[in-house]
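Okay, so here's the structure we're looking at.
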Protein chains: 2
Amino acid sequence: MSDLLARLRGRGWRVTAQRRVVAEVLDGDHVHLTADEVHARAVERLPEISRATVYNTLGELVALGEVAEVSTDGRAKRYDPNAHHPHQHLVCSGCGAIRDVHPIGDPLADLPAGERFGFTVSEVEVTYRGLCPSCR
Amino acid sequence: MSDLLARLRGRGWRVTAQRRVVAEVLDGDHVHLTADEVHARAVERLPEISRATVYNTLGELVALGEVAEVSTDGRAKRYDPNAHHPHQHLVCSGCGAIRDVHPIGDPLADLPAGERFGFTVSEVEVTYRGLCPSCR
DNA sequence: TTCTTGACCTGGATTGAGTCCATCGTAGGA
DNA sequence: TCCTACGATGGACTCAATCCAGGTCAAGAA
């Protein structure tokens, strides 16, 4: 993630304290924070940062393909910094915990042409659901 | 869907005009209405029906396993009456159109034990994305 | 058929997530 | 150092969904 800011600068991004803090908060594996959680953590480092800025920055990171949006429950979207490593998600129906997982095979290949209704299919999103060890 | 009301009555449901109308609106294949769309159509048949009742009834139908909740965009949830026939969804990134699809194989089998983090995995949800013929 | 009652419905207030916008501030080039 | 266009702010607003107090009615009992 440390070179993320360099990559963004290379794309003409103006690097500000706010954007740096948002990028820093979103660092690590199995990180799936909501926008409000990102904001809460960003405030600890930069007390005046506004929610609008967090939403704007997350939106830009998503548009640039640096962060992926995940919506596993019907509630707030979550932001996943692991966008450069394709993966799917495993969600606990009890506590909502989310893990990144890597199924075998290409899920795209499992949709026969006869089931594509003439669509050009380019992406698949798989969400596995179950109970985690501590909710069972 | 016509025997849905009979099934519900059998489960001790009190059948009211409102519940009947909601169930009728949710009939057919490739039907994926939002709660507000269900409400709009229900109002045509029963002008005084309230949004709260539509939400309550949809929630009960979901809890009974008669209808499935689908959230393909980050926006309003959609309700899919096809819950008794397992299927996945194909969504157009352009216009949002949704089709029911049936991939080959069991997607659950594609998640190796080593990737389950001790979870008891019981469900998979697959969303294919692409462009429909008229958006391409 | 009428009565009774607890489950159901209503509409308005409320919550929560997210967006919009007018204004102010500042990163980075000249 | 100065300028200015891009970025940040925060308060108002939208949209989806839920909550709640009070009125209504489906279905079993008599």
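Every chain is numbered from 1 and lettered A, B, ... according to where its sequence line falls, protein lines coming before strand lines.
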Original post:
Considering only side-chain heavy atoms of A/Arg75, which listed nucleotide, C/dG16, D/dA27, D/dA8, is closest?
Top reply: C/dG16
Report yes if at least one side-chain N or O of [X] is closer than 4.0 Å to OP1 or OP2 of [N]; otherwise report no.
X: B/Thr16; N: C/dC9; value: yes
X: A/Tyr55; N: C/dT19; value: no
X: B/Gln18; N: C/dT10; value: yes

**OP:** State whether the distance check finds a donor on one side and an acceptor on the other, under 3.5 Å, for side chain A/Arg14 versus base D/dC6.
**Re:** yes
**OP:** For B/Glu69, enumerate each residue passing the side-chain contact (heavy atoms from CB on, under 4.5 Å) test, keeping only those at least two apart in sequence or located in another chain.
**Re:** B/Val62, B/Lys77, B/Tyr79
Subject >> Joint cluster assignment, A/Leu8 & A/Val21, ILVMFWY side-chain distance < 4.5 Å >> reply: yes
Subject >> A/Phe119 side, atom CZ; A/Leu111 side, atom CG - distance, nearest 0.5 Å >> reply: 10.5 Å
Figure out the [atom1]/[atom2] separation between [X] and [N], and round it to whole Å.
X: B/Glu37; N: D/dC15; atom1: CD; atom2: P; value: 14 Å
X: B/Asn56; N: D/dT24; atom1: CG; atom2: P; value: 18 Å
X: B/Asp73; N: C/dT19; atom1: CG; atom2: C1'; value: 16 Å
X: B/Trp13; N: C/dC8; atom1: CH2; atom2: P; value: 9 Å
X: B/Lys77; N: C/dG16; atom1: NZ; atom2: C1'; value: 13 Å
X: B/Arg19; N: C/dC8; atom1: CZ; atom2: C1'; value: 7 Å
X: A/Arg78; N: C/dG16; atom1: CZ; atom2: C1'; value: 14 Å
X: B/Glu69; N: D/dA16; atom1: CD; atom2: P; value: 15 Å

Subject >> Derivation and outcome, salt bridge (Lys or Arg N to Asp or Glu O under 4.0 Å), residues B/Glu60 and B/Arg19 >> reply: CA-CA 10 Å; B/Glu60 287 154 6; B/Arg19 288 173 168 180; 3.2 Å; yes
Subject >> Check: A/Thr72 main-chain N/O paired with A/Arg129 side-chain donor or acceptor under 3.5 Å >> reply: yes
Subject >> B/His87 side chain to B/His85 backbone, donor-acceptor under 3.5 Å >> reply: yes
Original post:
Starting at the 5' end of DNA chain D, which residue's closest nucleotide do you reach first, A/Thr57 or B/Arg9?
Top reply: A/Thr57
Original post:
Using a heavy-atom distance cut-off of less than 4.0 Å, which residues of residues 43-54 of chain A contact DNA chain C?
Top reply: A/Arg51, A/Ala52
Subject >> Heavy-atom side-chain contact between B/Gln88 and A/Glu115 under 4.5 Å >> reply: no
